[in-house]
2 protein chains.
Amino acid sequence: MISLRDVAKRANVAVSTASAALNGTRPVAAETKQRIESAAAELGYRPNVLARGLVSKRTRILALHYPAPASGFGLTEMQFATGAAAAASELGYHLLLSPDNADPLEELRYLTGTGLLDGVLLMEVRLDDARVELLTAQNVPFALIGRTRRPEHLWFADIDFARLGADVAGHLTGLGHRAMAFINHTGAAYAGEYGPVVRIGQEIAAAAKEAGMSYADGFDADTAEQGRAALHDLLDAHPETTAVTVFSDQAAVGVLAAVEDRGWRVPDDLTVVMVLTSAQVAAMFRPQLTTLEPPSLELGRRGAQMLIEQLSDETAGPPPGGELVPCRLVIGDSSTTPRDDKGVRA
Amino acid sequence: MISLRDVAKRANVAVSTASAALNGTRPVAAETKQRIESAAAELGYRPNVLARGLVSKRTRILALHYPAPASGFGLTEMQFATGAAAAASELGYHLLLSPDNADPLEELRYLTGTGLLDGVLLMEVRLDDARVELLTAQNVPFALIGRTRRPEHLWFADIDFARLGADVAGHLTGLGHRAMAFINHTGAAYAGEYGPVVRIGQEIAAAAKEAGMSYADGFDADTAEQGRAALHDLLDAHPETTAVTVFSDQAAVGVLAAVEDRGWRVPDDLTVVMVLTSAQVAAMFRPQLTTLEPPSLELGRRGAQMLIEQLSDETAGPPPGGELVPCRLVIGDSSTTPRDDKGVRA
DNA sequence: CTGTTAGCGCTTTCAA
DNA sequence: TTGAAAGCGCTAACAG
């Protein structure tokens, strides 16, 4: 391994001068600097990040912490990692994957205690998340992908749920729908503690009301079987419904099956819109589903960028309200104008 | 930060004794050891991995290197990372994500030169992959997820393609099919250099022949439009075909559309089997597609485990033939017995 | 069995 | 403008 000493020797200077020249930490005569730089290049010198980190207390390494969900990750979750890694890399940082095996807090406590990390990016944030308290107490810089119940003083990047609600309502009223329903995730996997499930429920309801639509919910589903039953129950209770918005893509499989059960067709007899499902997955359904695609890559990117910004500028506070990123409306073949005469479809 | 010195001081011993007691590097009197351990626990001591790595030359950090595909990662690719991170974590290692921005080799050269890594796990391996030469030359321990054209002396974990071919042929002949076709990826994105595309083509052809089936290929497709055209061309050229195997899930969307174009139904008029598509994605199609699910998590796990094994046992050579992991056959509603009378379906 | 000593490769005072 | 020296926190000889 080529060390700074080797470079210094070859350039006939002291290590401290070589260090200064390469880092620009103090003025070095142009000619000397030149000599040091060529020596470094010729030898293929790479600074040892361990030694550097040991003294400077900065490693340019961030950890991405994710409690492994029982259900296994979907495409969406994994895109966070891809986006965060890409953004970190562009800014000269590296991303360490930190899955928690048993005890999420212990893992985090250990990792932050080893001096390896400059900061932590938290995924799968709960409305009340113990990791936030831990990192705050330990004074470790961190940022969230998602947010807690009260994220006022935190750095976070999350979906713009209010806008998502407005976009769904806007798309549907634009087509002429007056009565919509929403099939949410049950949130059972998170004991009602999962932000997206809670927020999306609130915002879609609010937006429907705002748009003057009639609105039904409470028919939640996570699986195909549940989705099928949910749609039947929903239509029995609210036969006026002409458009259904669905969160879970597994549930959507069941929703389409239920439509078929009734001898109906999508979109003629019922408009179906997905929410927080990637366009790639939505395109796999027949008919292709209209979806509000989650900005997963972007959320990962923004999370990493915010964390790095926080690291570079100690004085900066988090942006008020965090960074809210909109979803993209990708129109498929599952949404259209409602039938005037509802009787036709039965 | 609590250092070993603090622990030593509190236990009234020298730092080296504290180090020895905590690491078991040399015998320490039971009573002394006890005192040191409680001191460490009381202070909440965590070893500084930078300092440790600096002297021991081992960091227990692995990098996962992946050339970012323009198209963005699918679920399969990301599962490699999840599996590798989980296995590494279980064995006391950490996984660093290393996306390559511009020059894959430069990124790798830099990373391995910094002293941060114990080894590298390579994803998206080409049949001829320059990274392999680089790491070999630099004498950096590495393992592959996938494999090169000649992987004889390398550590790698890959799909058992021969078995995959046999499983497809076995499933189809078991149902009574005698004539199958295969719609491969075009491999255009990799200029024919992508192992799975090449190997799967060879092995499915071989297995079909072995099983005494008639076999057609050369109708490759990556997108829905291409898949639709491919199936039409294929059936025009080989009307005897009763079962089609498809690699790309985008192409599968088109294949199903083409079946519909003809007024046919899956599986009654045509059996469709996916290959290397996750069950989760296959379940999203109507009808649910039968698939040979890639063992992505397992490949990631095995890759990481092999790399760590190599690290722990310097003398060990790679397992001959690497680790070949089978795919899992997940039967959906898209495969069934062929019609006796082919005329019926037209 | 335990303490002393010497670095690992780097940054950072402090003198010259 | 440059060099010498100290030290980050740890491990690994080597004495005792």
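So you know, we letter chains A, B, ... as the sequences are listed, proteins then strands, and number each from 1.
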Using only atom types and a distance under 3.5 Å, with no angle test, would you say the side chain of A:Asp118 pairs donor to acceptor with the backbone of A:Arg60?
yes
Looking only at atom types and distance, does a side-chain atom of B:Ser19 sit under 3.5 Å from a main-chain N or O of B:Val15, one as donor and one as acceptor?
no
Any donor-acceptor pair under 3.5 Å linking the side chain of A:Thr25 with the backbone of A:Ala21?
no
One thing to verify: whether A:Asp128 and A:Arg126 come together as a salt bridge, which I'm taking to mean a side-chain N less than 4.0 angstrom from a carboxylate O.
no
Rounded to whole Å, the NZ-C1' distance (A:Lys9 to D:dA4) equals 16 Å
Of B:Asn12 and B:Ala51, the one whose closest DNA chain C nucleotide lies more 5'
B:Asn12
Is B:Arg5 near enough to D:dG9 that one of its side-chain N or O atoms lies under 4.0 angstrom from OP1 or OP2?
no
Quick test: give all pairs of protein nitrogen or oxygen and nucleotides 12-16 of chain D nitrogen or oxygen below 3.5 Å, distance rounded to 0.1 Å.
| residue | atom | partner | partner atom | Å |
| --- | --- | --- | --- | --- |
| D:dA13 | N6 | B:Arg26 | NH1 | 3.4 |

Earliest and latest nucleotide of DNA chain C, 5' to 3', sitting under 4.0 Å from a non-hydrogen atom of chain B?
C:dC1 to C:dG9
Taking B:Arg149 for the side chain and B:Leu127 for the main chain, is one N or O donor matched with an acceptor at less than 3.5 Å?
no
Any B:Asn48 side-chain N or O less than 4.0 Å from OP1/OP2 of D:dC8:
no
Between C1' of D:dG9 and CD1 of B:Ile2, the distance in whole Å:
13 Å
Would you check if the side chain of A:Thr59 reaches a backbone N or O of A:Leu116 as a donor-acceptor pair within less than 3.5 Å?
yes
State which of D:dT2, D:dC8, D:dT11 makes the closest approach to the side chain of A:Lys57.
D:dC8
Checking the side chain of A:Gln310 only, and the main-chain atoms of A:Phe142 only, is there a donor and an acceptor separated by less than 3.5 Å?
yes
Which of D:dC10, D:dT1, D:dG9 is nearest the side chain of B:Leu54? It is D:dG9
Under 3.5 Å donor-acceptor pairs involving side-chain atoms of residues 47-55 of chain A, not counting sequence neighbours:
| residue | atom | partner | partner atom | Å |
| --- | --- | --- | --- | --- |
| A:Asn48 | OD1 | A:Leu50 | N | 2.7 |
| A:Asn48 | OD1 | A:Ala51 | N | 3.0 |
| A:Arg52 | NH2 | A:Asn23 | OD1 | 3.3 |

